[in-house]
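FYI, side chains are in, hydrogens and waters are out, and symmetry mates aren't considered; it's all heavy atoms of this structure.
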Amino acid sequence: AAAAAVEAAATPTPPPLVAAKAAAVAATALVEAEGPTEESSVASLREAGNERIRAGDHAGAVARYRQALEVLESEIRSASSVSSVALVARLRGDRAPLLGNLSAAQLGLGDAGAALEAARGAAKANRSYAKAYFRQAKAMLALGRPHAAANAARLSFFMQGQVSAAGTVETKALLKQAEELASENRRAAAAAASSSSSAIVTPDAHEAGGGAMCSLELAPELPSLVVRFLDGAALVRLGRGARRFRVTLATEEALLACAAQCCPGGSERWLRKDLLRAGTGAGWLYAARALAVCPESVAAAPNGRLAICDRGGQVFVCQPVEGGGRREPLWAPPHCLPFSLCWGPSGEYLAYTSVSDARLAALVVAPMPWVGVDAIVTPLQMAPYYLAPSPCGTRIAVLGALRTRQVLCIVDAAQATMPCTERAPPMSLHLLVSAAPLYFDWAPHAPELLLALHGRRLCRERGAVASEAYSSVGEATACEAAFQQPLQQPTTELGPRGGAEVGAEGWAVSGSASFRAPQWVDRPGCPQGAWLAPKDSDAGNGRVSLVMHDPASGTTEVICETLPPSVHFSASPTGRWVAWSGMHDMRGHGGVFVRRLPVASGSPIMVFNGTALALAWGGDRLALLIELGDSDELVWAVWDPPVEGVEGGPAGVAASAGRLSVAPASFRPNEAFSERVVPFFDQFERRLRLWSPRNDAIVFADARAQVWVQPFPPPGSGPGGLNHPLADLVGAAGHASAAPPAFRVADGCFACWSPQ
């Protein structure tokens, strides 16, 4: 070891990182040469490492911590051999602080990559160890990754469990450093972009089969940035895209046009123009997003996947098969609010609200694939209970409570849709409106919302993110808001955009009908989509009608002339059917109705002679959640529309009535579903997917915290039985049949299906 040290001293001075690694190797060799100390316990070795750090000997500290880890692993193996479960658990808990100290020592040596690896190992050993995320943030700053550093610092703040003065000061200092580094990176990118043309044709490009290159492709720092920030899989995807860009995207305009094709409905209004930075096209966000969301990784199971929240608030993903197949836990904080769990529009992430033991709330967004990928955790000064991702996935509408007021915020989730977190700013919130009650739905073709305020007023409002809303105060201020926002107390002062003054387009309902969530439908022939909502009858008789309104042309189509006093409604994703449910009185006047669009296609059809607690479309199939008498038992049933061109149905029933399939057994729903989802199901139905991607099964959780899948095969797939909970109703024998039995997937109190 001494000879190795002399030889190292005689060699020329290597680069800093190489020198740091060489020093660590030499120090380890010296420790091994010294042999075992009088007391080689984990605690003594850890304290020895701490003393080396205080003395400035980071290489010696690294050696001591590594030796402590080796001793610890040996103790774990010994404890495992005698089946001492409690001892093994305690020893494994010692890994996290040791790895955290090792990370600090390696960072002191200048080896930021090794420091990050050790910090991630500490987090893997103990997810609740807040210092692990603090060490990650410092390592990422040293690696020049300010946005990832900000995410780690926020997670550290959340995992502390309390807002301590020291923790807040340290976190703010890290966020400030991350903000300054991000500003420096933007200035460097701007300088590089200004030194080159936005569209230059080179002979080499033509020889390669390409055309003009945009400014981002010509940026001299691009290769180093790509290698630094992307993993191997992302590099492969970007390489495929780069070849396409050289051939097809000759100008920034062509780039934007191509990116618009990646947007929902091909609408360029979803392009994030606020992310224009130093000549980079806004379309790169969607071009990269389309590359990041790979079909083979999204459709990991034959019929999608199930996201499940277990009793302890831990979220995992499994396959929709009996027993759940392979279980994949999310690398994210636990304590999930079950009813907040939802998928991104293409399955590119899972989002939910997490509440710590100290009642600190955070928005958790776990990008896909999540194996080995850290979730993005944004601490909030509010308690969000309903999340709704926009069709583009880069925005999430968050409904929650802030100082006893119900507020709607828009979260910038662009970072979760990118293969590299440095391509978008950290998540931030924009406070949009406050009202009670407040319901909404996203537009299908633009970043806009249809709001229902105070149960009476409907209006249209842009769902702007913070960088768009703050653009008037300058980029620096908007950037600061994105980095520092989670630790600041938000204001509930909404100014001229709050309350009934929101939006210039819409109407008020003065009739007697009570409704909740409106719906913005992607209807063929309507370039902006169509609004499905109640409206006062044109007859002026105090009645309220259900209408389909085209905001582009201003035309209105009446679906139902007179709505019941309390009603919920929903349109199918195809835009071909509308369903509504409610009772006009206590004498049985009402039920569940459907109507084909356009209304000239025919009159409304009664699907069920009674109310349904919930309506949920799966394609053109309508699921009904029906209460069995005065009991707390519920049963799922599915209505299939009539087959066109068929004159008669089973048992002589007219084909125009459709067909009802009923689950063979009823169930008692889980408390999270019955108390927090069912009363507001029309709002949850706008984003919660209980149907499978093939629309042939429904998932639910029962009161025993067990998740079940209830199959509903398409019509004609096989004969159905007559033994089901609704068999005693009049006419059930001719209109309804039993579906196959449900099968148990896993234990959990809430579940939802992936979009594809």
Task: With Cys752, the side chain to side chain contact (heavy atoms under 4.5 Å, CB included) member among Leu688, Leu306, Ile308 - done: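 Among Leu688, Leu306, Ile308, the one meeting side chain to side chain contact (heavy atoms under 4.5 Å, CB included) with Cys752 is Leu688.
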Open item on the list: Which residue in the set Leu330, Val364, Val365 passes side chain to side chain contact (heavy atoms under 4.5 Å, CB included) when paired with Leu350?
Closed with: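 Going through the options one by one, the only one that passes is Leu330.
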- [ ] Would you mind checking if Glu179 and Lys176 are paired as a salt bridge, meaning a charged N to carboxylate O distance below 4.0 Å?
- [x]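 The answer is yes: the pair qualifies as a salt bridge.
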Task: Test: Glu328 and Arg326 ion pair at under 4.0 Å - done: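 Looking at Glu328 and Arg326, the cut-off is met.
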Task: Verdict with supporting geometry, Arg395 and Val411, side chain to side chain contact (heavy atoms under 4.5 Å, CB included) - done: CA-CA 6 Å; Arg395 306 163 197 255; Val411 175; over 6 Å; no
Open item on the list: Using ring centroids (six-membered ring only for Trp), state whether Tyr352 and Phe750 fall under 6.0 Å.
Closed with: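 Centroid distance Phe750-Tyr352: not below 6.0 Å, so no.
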Open item on the list: Aromatic contact between Tyr386 and Phe684, with the criterion being ring centroids under 6.0 Å apart: yes or no?
Closed with: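 Between Phe684 and Tyr386, which both carry aromatic rings, the centre distance is below 6.0 Å.
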Say you draw a straight line from [atom1] of [X] to [atom2] of [Y]; how long is it, rounded to the nearest 0.5 Å?
X: Ile396; Y: Leu363; atom1: CD1; atom2: CG; value: 5.5 Å
X: Leu175; Y: Phe157; atom1: CG; atom2: CZ; value: 9.5 Å
X: Leu429; Y: Asp412; atom1: CG; atom2: CG; value: 9.5 Å
X: Leu45; Y: Leu98; atom1: CG; atom2: CG; value: 9.0 Å
X: Arg127; Y: Leu155; atom1: CZ; atom2: CG; value: 11.0 Å
X: Leu174; Y: Gln136; atom1: CG; atom2: CD; value: 12.0 Å

Less than 4.5 Å apart, any side-chain heavy atom of [X] and any of [Y]?
X: Gln177; Y: Leu141; answer: yes
X: Met159; Y: Pro333; answer: yes
X: Glu170; Y: Phe134; answer: yes
X: Val398; Y: Leu408; answer: no
X: Leu432; Y: Phe440; answer: no
X: Asn126; Y: Arg95; answer: no
X: Trp331; Y: Lys124; answer: yes
X: Leu102; Y: Leu69; answer: yes

Open item on the list: Checking side-chain polar atoms at under 3.5 Å, does Asn151 have a donor or acceptor matched by the opposite partner on Gln415?
Closed with: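 Result is yes, a qualifying pair exists.
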Open item on the list: Would you say Gln406 and Tyr385 are linked by a side-chain donor-acceptor pair, where the criterion is simply a distance under 3.5 Å?
Closed with: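 Gln406 and Tyr385 do have a side-chain donor-acceptor pair below 3.5 Å.
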Closer than 3.5 angstrom, by distance alone: can the side chain of [X] be matched with the main-chain N or O of [Y] as a donor-acceptor pair?
X: Thr353; Y: Pro384; value: yes
X: Ser434; Y: Val407; value: no
X: Ser354; Y: Pro334; value: yes
X: His58; Y: Leu109; value: no
X: Arg687; Y: Leu387; value: yes
X: Ser156; Y: Ala152; value: no
X: Glu70; Y: Ala68; value: no
X: Arg64; Y: Glu51; value: no
X: Ser754; Y: Arg305; value: yes

Task: Steps toward side chain to side chain contact (heavy atoms under 4.5 Å, CB included) verdict (Tyr65, Arg46) - done: CA-CA 6 Å; Tyr65 292 140; Arg46 179 183 175 186; 4.3 Å; yes
Give the minimum heavy-atom separation between [X] and [Y], together with the two atoms involved.
X: Arg154; Y: Met427; answer: NH1-O, 2.7 Å
X: Cys749; Y: Pro338; answer: SG-CG, 3.7 Å
X: Val62; Y: Ala105; answer: CG2-CB, 3.6 Å
X: Phe158; Y: Pro379; answer: CB-CG, 4.1 Å
X: His335; Y: Val355; answer: CB-O, 2.9 Å
X: Ser390; Y: Pro345; answer: O-CG, 3.4 Å

Task: Lys131 NZ/CZ over Tyr129 ring centroid, <6.0 Å and within 45° of normal - done: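 No cation-pi geometry.
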TODO: I would like to know whether Glu47 and Arg54 meet salt bridge (Lys or Arg N to Asp or Glu O under 4.0 Å); could you show each step before the answer?
DONE: CA-CA 11 Å; Glu47 181 56 33; Arg54 287 191 288 268; 2.9 Å; yes
TODO: Give me the ring orientation class for Trp270 and Trp442: parallel if the planes are under 30° apart, tilted from 30 to 60°, perpendicular past 60°.
DONE: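 Judged by the thresholds at 30° and 60°, the geometry between Trp270 and Trp442 is tilted.
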TODO: Go through the steps for Ser428 and Val465 under the test side chain to side chain contact (heavy atoms under 4.5 Å, CB included), then give the verdict.
DONE: CA-CA 8 Å; Ser428 57; Val465 294; 5.9 Å; no
- [ ] Using the side chain to side chain contact (heavy atoms under 4.5 Å, CB included) rule, take Ile53 and Asp57 through it: C-alpha gap first, then chi angles, then the decisive distance, then the call.
- [x] CA-CA 5 Å; Ile53 282 188; Asp57 181 12; over 6 Å; no
